[in-house]
Q: 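Provided herewith is a single structure, encoded as structure tokens, for subsequent inquiry.
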Amino acid sequence: QVQLVESGGGLVQAGGSLRLSCALSGGLFNINTMGWNRQAPGKEREQVASISTDGSTTYADSVQGRFTISRDNGRNMVYLEMNNLKPDDTAVYYCHADWEFWGQGTQVTVSS
């Protein structure tokens, strides 16, 4: 069974940076796309970034140029480097595998 565990969230001032990590375990052979979604209070969950096995990436317009997703298949890890953070980035960030398996989430809070 695929399991995902996120880490790296926290409190940061606007303009700061954070790096989220997601560790994958179990049943990884058929996983294609890994990614991050987020959910802010009172809002629907939204896609932030994704990366496929061939390295192709997609980003939400709101994070384009500020966030970078990367993947280490050898270590079964996915990362989200977040720079120039804004208060609107405050949310719980969830790692997913093929939008089928999800982690428990890690809180990111950006203060103004």
Side-chain angles (χ1 to χ4, degrees):
Q1 182 177 358
V2 176
Q3 292 184 326
L4 301 96
V5 178
E6 303 96 336
S7 62
L11 174 63
V12 64
Q13 289 187 334
S17 299
L18 284 174
R19 187 192 195 204
L20 304 184
S21 300
C22 176
L24 294 76
S25 62
L28 302 171
F29 300 108
N30 297 320
I31 298 299
N32 180 24
T33 301
M34 305 294 304
W36 295 88
N37 284 30
R38 68 186 181 186
Q39 187 165 20
K43 295 186 178 180
E44 294 185 355
R45 190 176 295 194
E46 63 172 348
Q47 180 171 321
V48 175
S50 63
I51 183 167
S52 299
T53 51
D54 63 1
S56 59
T57 58
T58 61
Y59 295 95
D61 289 343
S62 58
V63 307
Q64 182 75 47
R66 299 188 297 121
F67 291 10
T68 303
I69 189 171
S70 60
R71 182 171 179 171
D72 185 337
N73 291 323
R75 296 186 177 183
N76 296 327
M77 297 290 294
V78 179
Y79 305 97
L80 186 68
E81 185 76 33
M82 305 185 294
N83 297 314
N84 191 22
L85 282 161
K86 304 176 180 180
D88 284 348
D89 296 318
T90 295
V92 178
Y93 284 70
Y94 299 90
C95 175
H96 73 80
D98 283 338
W99 292 280
E100 179 177 355
F101 304 99
W102 296 87
Q104 293 298 309
T106 185
Q107 176 71 47
V108 172
T109 303
V110 184
S111 63
S112 57

Q: Sequence neighbours left out, what pairs pass disulfide (SG to SG under 2.5 Å) with at least one residue falling in residues 32-74?
A: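 The answer is none; no pair qualifies.
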Q: Extract all donor-acceptor atom pairs below 3.5 Å that involve side chains of residues 9-21 and protein atoms in other chains or at least two apart in sequence.
A:
| unit_1 | atom_1 | unit_2 | atom_2 | d |
| --- | --- | --- | --- | --- |
| Ser17 | OG | Asn83 | OD1 | 2.8 |

Q: Scan for disulfide (SG to SG under 2.5 Å) pairs involving residues 42-92, sequence neighbours excluded, and state none if there are none.
A: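 Residue pairs with at least one partner in residues 42-92: there are none.
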Q: Counting only N and O atoms by type, is there a donor-acceptor contact under 3.5 Å from the side chain of Thr90 to the main-chain atoms of Val110?
A: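 Looks like yes, one N/O pair under 3.5 Å.
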Q: Residues two or more places apart in sequence or in another chain: which of them pass side chain to side chain donor-acceptor pair (under 3.5 Å) with Ser56?
A: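 So Ser56 forms a side chain to side chain donor-acceptor pair (under 3.5 Å) with Asp54.
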Q: Distance from Asn76 atom CG to Ser25 atom OG, nearest 0.5 Å?
A: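 Separation between the atoms: 8.0 Å.
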Q: With rounding to the nearest 0.5 angstrom, report the CD1 to CH2 distance, Ile51 to Trp36.
A: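 Reported to 0.5 Å precision, the distance equals 12.5 Å.
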Q: If you link I, L, V, M, F, W and Y whenever their side-chain heavy atoms are under 4.5 Å apart, who else ends up in the same group as Val92?
A: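 When side chains under 4.5 Å apart are linked, the cluster holding Val92 also contains Tyr94, Trp99, Trp102.
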Q: Would you please name every residue forming a side chain to side chain donor-acceptor pair (under 3.5 Å) with Asn84, sequence neighbours left out?
A: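 With sequence neighbours excluded, Asn84 shows a side chain to side chain donor-acceptor pair (under 3.5 Å) to no residue whatsoever.
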Q: Kindly write out the residues that satisfy side chain to side chain donor-acceptor pair (under 3.5 Å) with Ser111, not counting sequence neighbours, or none if the list is empty.
A: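 Side chain to side chain donor-acceptor pair (under 3.5 Å) list for Ser111, sorted by chain: empty.
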Q: Starting at CE of Met34, measure out to CG of Leu4 and round the result to the nearest 0.5 Å.
A: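 One gets 5.0 Å once the value is rounded to the nearest 0.5 Å.
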Q: To the nearest 0.5 Å, what is the distance between CZ on Phe101 and CG on Leu24?
A: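 The CG atom of Leu24 is 10.5 Å from CZ of Phe101, to the nearest 0.5 Å.
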Q: Sort and list the pairs that fulfil salt bridge (Lys or Arg N to Asp or Glu O under 4.0 Å) and have at least one residue in residues 57-66, not counting sequence neighbours.
A: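 Every salt bridge (Lys or Arg N to Asp or Glu O under 4.0 Å) pair that includes a residue of residues 57-66, provided the two are not neighbours, is Arg66-Asp89.
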Q: Going by salt bridge (Lys or Arg N to Asp or Glu O under 4.0 Å), name the pairs with one or both residues in residues 39-52, residues two or more places apart or in two chains.
A: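 Matches after skipping sequence neighbours: Arg38-Glu46.
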Q: Who else is in Tyr79's hydrophobic cluster (ILVMFWY, side-chain heavy atoms under 4.5 Å, direct or via others)?
A: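 When side chains under 4.5 Å apart are linked, the cluster holding Tyr79 also contains Met77.
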Q: Does any non-hydrogen side-chain atom of Arg71 lie less than 4.5 Å from one of Thr53?
A: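 With C-beta onward as the side chain, the pair touches.
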Q: Taking only residues two or more places apart in sequence, or in another chain, which ones meet Asp98 in a side chain to side chain donor-acceptor pair (under 3.5 Å)?
A: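 Per chain and number, Asp98 pairs via side chain to side chain donor-acceptor pair (under 3.5 Å) with no residue.
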Q: For the side chain of Gln104 and the backbone of Glu6, is there at least one donor-acceptor N/O pair under 3.5 Å apart?
A: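 Answer holds: no.
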Q: What disulfide (SG to SG under 2.5 Å) pairs are there with at least one residue in residues 37-112, not counting sequence neighbours?
A: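 Counting only pairs at least two positions apart or across chains, the disulfide (SG to SG under 2.5 Å) contacts touching residues 37-112 are Cys22-Cys95.
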Q: Return the CD to OH distance between Gln107 and Tyr93, rounded to the nearest 0.5 Å.
A: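 Gln107 atom CD to Tyr93 atom OH measures 9.5 Å (nearest 0.5 Å).
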Q: So if I apply the side chain to side chain contact (heavy atoms under 4.5 Å, CB included) rule between Leu80 and each of Val108, Thr106, Ile69, which one comes out positive?
A: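 Per the side chain to side chain contact (heavy atoms under 4.5 Å, CB included) rule, the option paired with Leu80 is Ile69, out of Val108, Thr106, Ile69.
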Q: Return the minimal non-hydrogen interatomic distance between Tyr59 and Thr68, and the atom names on each side.
A: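 Looks like OH-CA, 3.4 Å.
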